[in-house]
2 protein chains.
Amino acid sequence: MAELLPVFTACSTCPIRHRAVCASCDAEELDALNGIKYYKTYSAGQNIALRGDALDMVASIVAGTASLERVTEDGRVQMVGLLLPSDFIGRPGRSGLQYDVMAASDVTLCCFHRKPFEEMLDNTPHLRERLLEMAMDELDAARDWMLLLGRKTAREKITSFIDLIVRRSYHPAEAKLDQPMKIELPISREAMANFLGLTIETVSRQITALKRDGLIQIEGKRSVTIPDIYDLRAETGDDEEDVG
Amino acid sequence: MAELLPVFTACSTCPIRHRAVCASCDAEELDALNGIKYYKTYSAGQNIALRGDALDMVASIVAGTASLERVTEDGRVQMVGLLLPSDFIGRPGRSGLQYDVMAASDVTLCCFHRKPFEEMLDNTPHLRERLLEMAMDELDAARDWMLLLGRKTAREKITSFIDLIVRRSYHPAEAKLDQPMKIELPISREAMANFLGLTIETVSRQITALKRDGLIQIEGKRSVTIPDIYDLRAETGDDEEDVG
DNA sequence: CGACCTATTGATACGTATCAACCCGAGTGG
DNA sequence: CCACTCGGGTTGATACGTATCAATAGGTCG
């Protein structure tokens, strides 16, 4: 099931080197991190850790997609975090997990045992600085997401999600917004439903409707082409104002 | 409208001294902060800053309640942050606001101009450490909130909100959970609706229903007595597991 | 080929939104 | 001191969007 994933040994060749928690570390700091890291892989569907567990590591996602999920007493599931490569798992200073961490696809993690990582945090201002930056970015993203969950229609939710994946798939500099764009949905319909606070049936129906309306084309189940990203964004319900 | 609020001049007598961003500062660091702080008040309903504005300060809430809000293009409003005393406003390293900041009641802020505060961050490890801690706490809270917005029923949303206010109103140590508890709702019905992703009418109806069911008693509009907090919590939809 | 999993499509139910009327207390002005 | 207005809140009737229940389709693997 899990295809063999390459093992990266040198941080300098790491694909997430410039976006992850180590992004602003200098060569010396990187050396120190390099000494305590280890890689770990999970296959799609596996849970990486469960709510209430003591997780004695923190990690960066090197490849694949993980999700954070919360569940009601009677089993309704809400995704509360979508973690793509370079995103960070775990909370320094606290080992008790607040949510389930799931591998949405095959996932490779660059892990650090909690203790040595926390010690490094104390000695490495760059590291804590970058972690704060990332936490605040996630907080902003979480707030966008709350608007989506609380106030958007099913159609707006789907278009917003596709736009989110577009934005994470293209570097802003190299994106050609006036040409058709193509993305791979990183998660299944069920995971999308859990992300968006919908049922799988509603997700499916809305995707069909967007296809019918010519806003997207679908090849297979996961591959989406957006003929005009502006047309799609006009359906997200978002204020146009370009912030951030 | 805005009653006169006391002006605090010494950090040592500040009511939020031990919970705010300055909580883990020592006397010397506090002195430095004290030198650059200034107080500012807003009256209920005023907006403190709007999305897209450049906010050249950061601040702690000393008294009152503020909210962060996001709005769709056609005016639907979702609250994305509920800021109570000791909570922090603003983002070091970025002046462009991602959301509107509103005074939900009369509010007193302890403000710092952005530049000197950011300089202090660089020289004061305790400060950045505490800020990271607070950002991660808010992230956890935001994720609970996402479960609420995405998957909970109206009744569960209301009971969850009341429980949230209970938890913020009583220090865990001094709370007597087996006795009736009394709180003041810090925000209007409309603000509750925007917090919970509901309409004001639904909020009103659910409160009436909880009253009818004997789970709460209401005096006036804002004062709520909870005869049995466990009964109320049984209605929140939350997994009982005590985490965090 | 059959079993299984994911996704799609259809019919209906239900929860919350919407539209509308009304209530209540506080301010305001005659 | 009463009539009026205004904002916030409650209650009622109905509409509508999404959930639910159910059947079917398509792809993959044994």
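Because the structure is predicted, anything quoted here is derived from the model rather than measured. Within every chain, numbering begins at 1; the chains are lettered A, B, ... in the order of the sequence lines, protein sequences first and strands thereafter. Computed from heavy atoms alone, side chains included, the values below leave out hydrogens, waters and symmetry copies.
Partner of Arg233(B) under the side-chain hydrogen bond (donor to acceptor under 3.5 Å, both in side chains) criterion, out of Thr159(B), Asp228(B), Asp163(B), Asp238(B): Asp163(B) alone. Between Phe195(A) and the choices Val77(A), Leu164(A), Val203(A), Val80(A), the side-chain contact (heavy atoms from CB on, under 4.5 Å) rule is met once, by Leu164(A). Exactly one of Gln98(B), Glu69(B), Glu138(B) qualifies for a side-chain hydrogen bond (donor to acceptor under 3.5 Å, both in side chains) with Arg143(A). That residue is Glu138(B).
Every side-chain hydrogen bond (donor to acceptor under 3.5 Å, both in side chains) that Arg155(A) has, sequence neighbours left out, goes to Asp213(A), Glu235(A).
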Exercise for the section: Show your working on salt bridge (charged side-chain N to carboxylate O under 4.0 Å, His left out) between Arg70(A) and Asp140(B) and close with a plain yes or no. Expected result: CA-CA 11 Å; Arg70(A) 292 251 3 217; Asp140(B) 282 343; over 6 Å; no
Checking side-chain contact (heavy atoms from CB on, under 4.5 Å) for the pair Asp106(B)/Thr41(B): CA distance, chi angles, key distance, verdict?
-> CA-CA 7 Å; Asp106(B) 294 347; Thr41(B) 67; over 6 Å; no
| Derivation of the salt bridge (charged side-chain N to carboxylate O under 4.0 Å, His left out) call for Asp178(B) and Lys176(B) | CA-CA 6 Å; Asp178(B) 50 0; Lys176(B) 297 180 188 126; over 6 Å; no
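When DNA chain C is scanned 5' to 3' for any atom under 4.0 Å from a heavy atom of chain A, the first and last hits are dA7(C) to dA11(C).
Put simply, CZ on Arg189(B) is 10 Å from P on dT11(D), counting in whole angstrom units.
Contacts with DNA chain C (heavy atom under 4.0 Å) in residues 199-212 of chain B: Thr199(B), Glu201(B), Thr202(B), Arg205(B), listed by number.
Glu184(B) and Ser223(B) share a donor-acceptor pair across their side chains, judged by distance under 3.5 Å alone.
Residue Gly197(A) is classed as a sugar-phosphate contact, given heavy-atom separations below 4.0 Å to backbone atoms only.
Residue-to-nucleotide proximity on DNA chain D shows that, of Arg155(A) and Lys221(A), the 5′-proximal contact is made by Arg155(A).
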